2 protein chains.
Amino acid sequence: MNAVTIKDVALAAGVSPATASRVLSGNPATSPAARTRVEAAARELHFLPNAQARSLRSTKTDSIALLISDVRNPYFSDLAHAVEQHARAAGLMTFMGNANESTEQQDEFLATVLSRRVDGMIVVPQGLSEQDGNATEMLRRVVDSGIPMVFVDRTLADIQVPRVIARSREALEEAIAELKSHGHERIAFIGGPKHASTAMERHQAFDAAIAANGLVTAPELHFAGDFRFASGAQGARWFLENPLAPTAVIIADAPMAIGALSVWRERGLNIGTDFSVVSFDEVDALLLHNPPIATISHDLELMGRAAVQALLAVMKNESVAPVELLSTFTPRPSVGPAPDKDVHSEGMPRA
Amino acid sequence: MNAVTIKDVALAAGVSPATASRVLSGNPATSPAARTRVEAAARELHFLPNAQARSLRSTKTDSIALLISDVRNPYFSDLAHAVEQHARAAGLMTFMGNANESTEQQDEFLATVLSRRVDGMIVVPQGLSEQDGNATEMLRRVVDSGIPMVFVDRTLADIQVPRVIARSREALEEAIAELKSHGHERIAFIGGPKHASTAMERHQAFDAAIAANGLVTAPELHFAGDFRFASGAQGARWFLENPLAPTAVIIADAPMAIGALSVWRERGLNIGTDFSVVSFDEVDALLLHNPPIATISHDLELMGRAAVQALLAVMKNESVAPVELLSTFTPRPSVGPAPDKDVHSEGMPRA
DNA sequence: CTTATCTATGAAATCGATTCCATGGAATCG
DNA sequence: CGATTCCATGGAATCGATTTCATAGATAAG
């Protein structure tokens, strides 16, 4: 492999490995003479330090791990990109892992990364700590190991770690007020999986906003998806067949929204006319859709930056206050007047 | 941190560290008695081996690195997901890095990963080796270091490494034949950046197919983008203002296609009527678009699997033949009859 | 019953860096 | 000028595992 070790460099430079090490790691206790010769030798030999040996001794790695829930969800890839760029600016390499919405894969990544050592971790956590203790056991162990860690986007109720999350309450209020002003009274909600705190937060905020606006509140208006395409498609069918005949729907993330829209398009329905749609997350497919979909979105660049800042603070042993970012509601033509008749009886072209 | 070392486990189990190590790494030269006691002690103490120490000695890490060009491009996140799942199935952890279409970030990741040791690397390489030697110098050094490596999706002409790539020639032939059958004669091409081999391959295949079909061939029909949203938007304007008044356009990747479509939509143009569009990559936004966009797509699950298989073979010192996957053309309503009059004169609503 | 073979084990070397400690020589001080 | 501090340096210990090597004890072979 890379046969060049620091001994080779030291030999070539005519100094001891200790001195070579000092020069290469910027220790000031080195003479200019030694410095130039070691540097020349290192360059000459293409010396690349063995990070394992280095951090085995020094316990520093200049790298962090980032665990996201789903690489293929643009929400998370945007977040990942932001985290990576800001970490890079702080001199930290980012190792990305994909939990794939599974606690097993989350645990595997955590264990690997913990045993390979990183200086800190930014985690979008999964799991239902309350009901299913061992779903988050590994995570708790990692936290207990003392490695600097922050949660981003999602949290776990019973694991206390600095966090950067989004608050959708206000934006949902706006969205629902907007729907109400268009005459909608029965609004459905296609939500996310219980293991994601964001799903719970959005669901509760939805209920609160519905109640505050005096609109119809019923468990039948809530569909439990899993934040992925297929469950959005299911939700779309559920919506069409809903006995309460809702005239609008709010969807808790983009992949589900896309799944739903693809079903509705197939059935020839007209969004904004037959019924109204608001989705979380602002992604190309929703903006390019005809009509464009009203969204509740997050500034992921900001979220990524805040997460990195929080982690850097934790790494410096500073105390970090939780960060709550506000979501933004953007009205678009996917919200239109509530149809006179139910979309479910004759208003619907072919269902 | 994780204060529990193998010595603690050995002590607790009443054996030497050597025996503990043998038990924990599955060495058969261990007595059942020792085995049970060490295993119990390890479980008891929540022992997590220090991967750095382990692989410092053993030079095995059970992990690979995956370098992609752009996390936010769904094409690559799909590929990443496939690679990750198949690597996982083979017992390998994947560390993902994002080159962000920049050779600098590519080099940083390569250096970090090389110095932290991984057992192999799957790389979507960037850079123009022919013209700009040092753009790929680091990559060459990594290859020379002897670490098992395969290229996926893209290649570099002068670095010989097993590869898994896609061939678009046939699919482009089909696409262009389809366009021709609809009466299109002047077809434009919005291509990718020179540093990506896929951009070159698609461009050449386009030229070949155009020539084979006896259609208009002219440098003015080619726009050089960079595989990203903004350059697609530029390309869209370039297309509308093109003096040769092309009636159809093929776009070399999805982010550019989305950028272009958003411009055209803003101007109120009707795809499939005013002019026809074919895009590479099959992503939600293109399928949900109205009308759906005809695409030339790749089986990324297959590509990811092939890449992992190739890497595993290289790691076992087997020789690996290059893999070429065929792209698939899927006609959709974004391809329609060529307009009688130029879209560029009066056919165009408001430009 | 003796010798040869095998098995499980521990002590010690090893991987490649960093860091503690001791030291010789230069610089500073009284 | 002698005593003291400072500086750069090399030798050796260290990080936490794996692996080599030697050995005691058990087993098989003659």
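Keep in mind it's a predicted model, so treat the numbers as computed, not measured. Proteins come first, then strands; the chains are lettered A, B, ... in the order of their sequence lines, and each starts at number 1.
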Per-nucleotide pairing state of DNA chain C [Watson-Crick or G-U, under 3.5 Å; [ ] pseudoknot-crossing; | other strand]: ||||||||||||||||||||||||||||||

Any salt bridge between A:Arg154 and A:Glu101, counting N to O under 4.0 Å? yes

Result for 5'-nearest mapping on DNA chain D, choosing between A:Gly14 and B:Ala53, is A:Gly14

For the residue pair B:Leu56 and A:Asn50, what are the closest heavy atoms and their distance? CD1-ND2, 4.0 Å

Checking A:Arg54 now: which residues fulfil side-chain contact (heavy atoms from CB on, under 4.5 Å) with it, not counting sequence neighbours? A:Pro49, A:Ser58

Nearest whole angstrom, please: distance from the C1' of C:dG16 to the CG of B:Leu114. 14 Å

With DNA chain C as reference, determine whether B:Ser31 or A:Ser58 sits nearer its 5' end, using the nearest nucleotide of each. B:Ser31

Closest approach of A:Ile6 and A:Phe47, non-hydrogen atoms and distance? N-CE1, 3.5 Å

Using whole Å, what does the distance between atom P of nucleotide D:dG16 and atom NZ of B:Lys60 come to? 22 Å

Could you give the distance from OG (A:Ser21) to CG (A:Asn27), rounded to the nearest 0.5 Å? 8.0 Å

Scanning both residues in full, the closest heavy-atom pair of B:Thr19 with B:Ala34 reads CG2-CB, 4.1 Å

For atom CZ of B:Arg117 and atom P of C:dC15, their distance in whole Å: 13 Å

What I'd like to find out is whether the side chain of B:Gln85 reaches to under 4.5 Å of the side chain of B:Glu301, using heavy atoms alone. no

How close do B:Met149 and B:Val314 get, heavy atom to heavy atom, and via which atoms? N-CG1, 4.2 Å

Quick one: is C:dA17 close enough that its OP1 or OP2 comes under 4.0 Å of any side-chain N or O from A:Thr5? yes

CD1 of A:Ile6 versus C1' of D:dA12: gap in Å, rounded? 15 Å

Distance below 4.0 Å between B:Arg54 side-chain N/O and D:dT18 OP1 or OP2: yes

Rounded off to whole Å, could you give me the CZ-to-C1' distance for the A:Arg116 and D:dG16 pair? 15 Å

Give the rounded distance in Å between these two atoms: CZ of B:Arg57 and P of C:dA13. 12 Å

For B:Gln52 and C:dA17, give me the distance from atom CD to atom C1', rounded to whole Å. 11 Å

Gap between atoms CG and P, on B:Leu56 and D:dC15 respectively (whole Å): 14 Å

Across the strands shown, which category fits B:Ala34 at heavy-atom distances under 4.0 angstrom: base, sugar-phosphate, nothing? sugar-phosphate

Between B:Arg163 and B:Glu324, does any side-chain N to carboxylate O distance fall below 4.0 Å? no

Residues of residues 15-25 of chain B with any non-hydrogen atom less than 4.0 angstrom from an atom of DNA chain D: list those, numerically ordered, please. B:Ala18, B:Ser21, B:Arg22

